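What follows is one structure encoded as structure tokens, with my remarks underneath.
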Amino acid sequence: AQSVTQLDSQVPVFEEAPVELRCNYSSSVSVYLFWYVQYPNQGLQLLLKYLSGSTLVKGINGFEAEFNKSQTSFHLRKPSVHISDTAEYFCAVSEISTGNQFYFGTGTSLTVIP
Amino acid sequence: DVKVTQSSRYLVKRTGEKVFLECVQDMDHENMFWYRQDPGLGLRLIYFSYDVKMKEKGDIPEGYSVSREKKERFSLILESASTNQTSMYLCASSLQGAPSYEQYFGPGTRLTVT
């Protein structure tokens, strides 16, 4: 089974500052990678996904992520955060060969400070 | 837009009660999933189903069962609720056979067992 590590459980950042949320996974096999966002009292919403091709993936709300196969990482970045980005962020992995099951990280709580 | 709905946003039950959590999706997805979400633990898979009347155990199936009698509906059953089952429960769905397809989530049910 996959192991997905989100290295920071909480990240405070000032409004308009850049942010990076880190995600590493364990597998050496081919994977698909996802970032989800969860606003308070809501379900999860897809931010972006990496399936193949360019290692830099752009998502909604100005977020982007870079897939690094050698480091088995998929870090999420935004150059300038807004108050509305305050939320929980989850990294998820699925193995191409084994099917539909996702493996989620434990989440990173991003708090944007005015 | 894909819509995944869950029968209740908040639920309070007593220890020992039988509890049903219902999930319905409207996009003809083959796969459906039940997760529980706890602080610091992320999302953990309870059960999933890839077809009507089919089910597979996830990482934490103990104390739960599921039912999928129709393609659009996936029910999670707590046969005898216990306080350690107090949690947020999230339902998700996705297309069959393509792990590249993201999972779509419902808004969640926050269950409290007293």
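Because the structure is predicted, anything quoted here is derived from the model rather than measured.
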Query raised in the report: Going through the checks in order, is the side chain to side chain contact (heavy atoms under 4.5 Å, CB included) test met by A:Tyr103 and B:Arg44?
Result: CA-CA 8 Å; A:Tyr103 301 90; B:Arg44 294 180 291 167; over 6 Å; no
Report task. Would you check, one step at a time, whether the test side chain to side chain contact (heavy atoms under 4.5 Å, CB included) holds for A:Thr106 with B:Leu43? Result -> CA-CA 7 Å; A:Thr106 53; B:Leu43 276 71; over 6 Å; no
Query raised in the report: Below 4.5 Å, heavy atoms only, C-beta onward: do A:Gln45 and B:Tyr104 meet side chain to side chain?
Result: no
Query raised in the report: Does some side-chain heavy atom of B:Phe33 sit less than 4.5 Å from a side-chain heavy atom of A:Phe102?
Result: no
Query raised in the report: Going through the distances and angles, do B:Phe105 and A:Gln42 end up as a side chain to side chain contact (heavy atoms under 4.5 Å, CB included)?
Result: CA-CA 9 Å; B:Phe105 284 81; A:Gln42 294 188 24; over 6 Å; no
Select one option (side chain, backbone, both, neither) describing which atoms of [X] are under 4.5 Å from chain B's heavy atoms.
X: A:Leu44; answer: both
X: A:Gln38; answer: side chain
X: A:Tyr50; answer: neither

Query raised in the report: For the residue pair B:Tyr35 and A:Phe104, is the inter-centroid distance of their aromatic rings smaller than 6.0 Å?
Result: yes
Requested in this report: Check whether B:Asp59 gets within reach of chain A through its side chain, its backbone, both or neither, counting any heavy atom under 4.5 Å.
Outcome: side chain
Query - Portion of B:Tyr10 that has a non-hydrogen atom of chain A nearer than 4.5 angstrom - result: side chain
Requested in this report: Tell me, with the steps shown, if A:Phe34 and B:Glu102 meet side chain to side chain contact (heavy atoms under 4.5 Å, CB included).
Outcome: CA-CA 8 Å; A:Phe34 306 81; B:Glu102 62 263 33; 4.1 Å; yes
Query raised in the report: Do A:Gln101 and B:Glu56 have a side chain donor and acceptor closer than 3.5 Å?
Result: no
Report task. To the nearest 0.5 angstrom, please state how far the CG atom of A:Asn41 sits from the CZ atom of B:Arg110. Result -> 6.5 Å
Query raised in the report: Can A:Tyr39 be reached from A:Phe63 by stepping across I, L, V, M, F, W or Y side chains whose heavy atoms are under 4.5 Å apart?
Result: yes
Report task. Specify the closest pair of heavy atoms between A:Phe90 and B:Gln37, including all atoms of both residues, with the distance to one decimal. Result -> CZ-NE2, 3.3 Å
